[in-house]
Amino acid sequence: MNEKNFPVQENERIRKVLKEFEPEKENIISILHLIQDSQKSNYISEEALRAVADFLGITTSEAYGVISFYTMFSETPRGKYLIRVCTSAPCYVMGSDTVIGSLKKILGINIGETTRDNLFTLELSSCLGICDVAPAMMINDEVYGNLTHKKIEEIIEGMHHG
Amino acid sequence: MDELIVLGNIGMYTNPESAAQYKQHGGYQGLPKALSMSPGDVVEEVKKSGLRGRGGAGFPTGLKWSFTLPLKGEKYVLCNADEGEPGTFKDRVLMEGDPHKVIEGIIIAGYAVGAQKGYIYIRGEYCRSIEMVSRAVEGARKKGYLGENILGTEFSFNIEVKTGAGSYICGEETAMIESLEGKRGNPRVRPPYPGVQGLWRNPSVVNNVETLANIPSIIVKGADWFKSIGTRKSTGTKIFCVSGKVENPGYYELPMTVTLRELIFDYCGGIKHKKKFKAALVGGAAAGAFLGEDNLDVQLNFEDLAENNGCLGSGAVLVLDEEVRIVDVLKNIMEFFVHESCGLCTPCRVGNVRILDILNQLKEGNGTAHDYQRILKIAKVMNKTCLCPLGQSPFVPLSTAARWVI
């Protein structure tokens with residue numbers, strides 16, 4: 001992608017999202033979700049945050065307060081695939097530590113980091129509500145359960161080719 | 001076969017979001033019946049059924065509705081689908097498997113309390129639930145179950161789907177309302193309760209997904225039928241979400257006369273790999289209580305669990321075998337509370353961190369019984385002084401785990 005064109009495209013995408021909403025503060029979470037999802041790097045940039053605040057008629061700090069409260073929002077760029085490993089008690093007793101260990105090893109990154117090719121970001125999550133197939137994780141919108149080292153390897157391998 | 005009230009149609013549809021299929025399987029019968037009754041009579045029927053909230057607190061649903069019914073002005077029904085208590089996944093199963101049952105429950109609740117609009121607040125991580133419920137709401141609107149003059153009556157009602165963005169505390173009703181208003185999810189001081197001053201300070205009935213899914217059947221079959229299931233104080237069924245070291249983890253809808261032993265050994269096939277049972281974390285895999293072998297014959301209902309220092313909570317049951325160290329689980333639970341505390345009130349913000357510090361020392365073997373007493377003291381203060389259930393909760397797992405730790 002042409003680096004120079006990126007901000008123009010980003011502005012375009014933000015404008016497109018904002019057009020779908022009334023400028024009411026109650027819409028902020030829905031707006032931020034759509035903006036984050038529309039960005040290649042899966043995050044909310046400062047420019048995007050300012051645009052949302054302006055649109056809703058609130059201060060940037062108030063909008064920032066919302067982003068910082070909810071764990072699904074990120075202020076820093078992330079990979080194409082966002083991996084969220086559940087660490088709550090049901091997954092913990094079924095081996096979430098092993099899952100985290102496997103992912104760190106396979107991807108060569110620590111928690112909170114993104115792979116050099118910008119494909120994967122590794123994050124931890126509170127209960128994802130799929131405890132009957134613990135240990136579990138989500139990659140973007142998909143859930144994966146009954147995880148073993150081998151299964152994780154296959155999933156990641158599949159995404160490299162996907 | 002036990003009677004299924006809320007899960008009966010799960011797996012029966014080719015398209016769970018289809019209103020027509022729900023109708024074919026006995027759905028949308030409660031709504032016309034409710035609309036032929038007076039709102040007061042609907043509230044009375046729900047009151048008589050003894051239905052209690054299935055989200056965790058167990059407050060009588062009909063009583064809650066009766067507070068909002070006489071109030072004037074703009075009113076709302078808020079369906080709490082921010083299912084975040086660890087070990088709980090029943091609301092997801094309902095939203096993805098039978099969304100119209102929940103929607104019908106919301107519409108009936110709206111009619112009963114005189115609300116004009118309903119909101120379903122679904123946690124952001126539940127992508128599929130958000131999709132299914134949104135489509136089902138659209139379908140219900142097309143069929144005339146939502147919108148102006150529903151089924152040719154004077155009653156008009158709409159539903160909007162809203163999503164969270166990753167926050168356990170937003171499952172607390174006033175935090176959820178703050179989030180619906182587009183703010184950080186900090187809980188409000190109660191009273192006033194949402195039934196009197198909720199969304200935008202208007203009267204708002206807040207009910208859990210499973211609670212609302214019980215409503216259509218109560219209206220169709222009557223309060224007396226509903227009361228005939230379960231116990232006197234815990235009427236109807238409950239969905240139990242079983243996770244951890246059992247052969248068949250999953251969700252089980254059962255009358256609240258079932259014992260912990262029956263749930264684990266009869267329904268879930270016993271402990272995985274024939275190991276020994278050690279304990280079960282019942283009511284929530286964070287805010288629940290540890291029950292040991294001597295509690296296996298306790299019936300899983302509001303009153304019997306309360307008598308045994310437990311709680312029914314969300315109906316989550318995390319089963320632990322002989323190999324699990326309880327202090328490890330406690331540390332995991334406290335890390336969860338530290339992460340999820342909104343930081344608004346001091347006992348919670350500071351107390352959780354202090355408890356985790358001491359637990360870490362205990363876990364390394366550098367602690368004494370005295371240190372655990374300090375933990376319990378902090379947790380007790382939090383239990384008495386915190387604004388919302390999050391800060392009040394750690395005392396429950398910590399106090400009931402004491403016998404394995406000290």
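Chain letters run A, B, ... following the sequence lines, proteins first, then strands; residues in each count from 1.
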- Which residues in residues 128-139 of chain A have any heavy atom lying under 4.5 Å from a heavy atom of chain B? A:Leu128, A:Gly129, A:Ile130, A:Cys131, A:Asp132, A:Met138
- Message: Only heavy atoms, only distances under 4.5 angstrom. Which residues in residues 90-106 of chain A are near chain B?
- Response: A:Pro90, A:Tyr92, A:Val93, A:Met94
Contacting region of [X] [heavy-atom separation from chain A under 4.5 Å]:
{"X": "B:Arg123", "value": "side chain"}
{"X": "B:Leu318", "value": "side chain"}
{"X": "B:Thr163", "value": "both"}
{"X": "B:Glu340", "value": "side chain"}
{"X": "B:Tyr168", "value": "neither"}
{"X": "B:Arg184", "value": "both"}
{"X": "B:Cys170", "value": "side chain"}
{"X": "B:Asp91", "value": "neither"}
{"X": "B:Ala285", "value": "both"}
{"X": "B:Val324", "value": "side chain"}
{"X": "B:Lys162", "value": "side chain"}
{"X": "B:Asp328", "value": "both"}

Look at [options] and state which one has the largest set of heavy-atom pairs under 4.5 Å with chain A.
{"options": "B:Ser243, B:Ala165, B:Gly182", "value": "B:Ala165"}
{"options": "B:Gly87, B:Gly343, B:Gly84", "value": "B:Gly87"}
{"options": "B:Lys245, B:Lys272, B:Glu83", "value": "B:Lys245"}
{"options": "B:Ser167, B:Gly185, B:Gly124", "value": "B:Gly185"}

Any heavy-atom pair between the side chains of [Y] and [X] that's under 4.5 Å?
{"X": "B:Phe89", "Y": "A:Cys127", "answer": "no"}
{"X": "B:Ser179", "Y": "A:Phe69", "answer": "no"}
{"X": "B:His339", "Y": "A:Thr71", "answer": "yes"}
{"X": "B:Tyr119", "Y": "A:Glu26", "answer": "yes"}

- Query: A:His33, A:Met72, A:Glu24, A:Glu62: which one forms the most heavy-atom pairs within less than 4.5 Å of chain B?
  - Reply: A:Met72
- Pairs of heavy atoms under 4.5 Å with chain B: top-ranked of A:Leu32, A:Ile31, A:Asp141: A:Asp141
- Query: At what distance, to the nearest 0.5 angstrom, does CD1 of A:Ile29 lie from CD of B:Glu181?
  - Reply: 11.0 Å
- Query: Any chance OH of B:Tyr251 has more than 12 other-residue heavy atoms, nucleotides or ligands included, within less than 6.0 Å?
  - Reply: no
- Item | Distance-only polar pair, side chains of A:Ser125 and B:Glu125, donor-acceptor under 3.5 Å | no
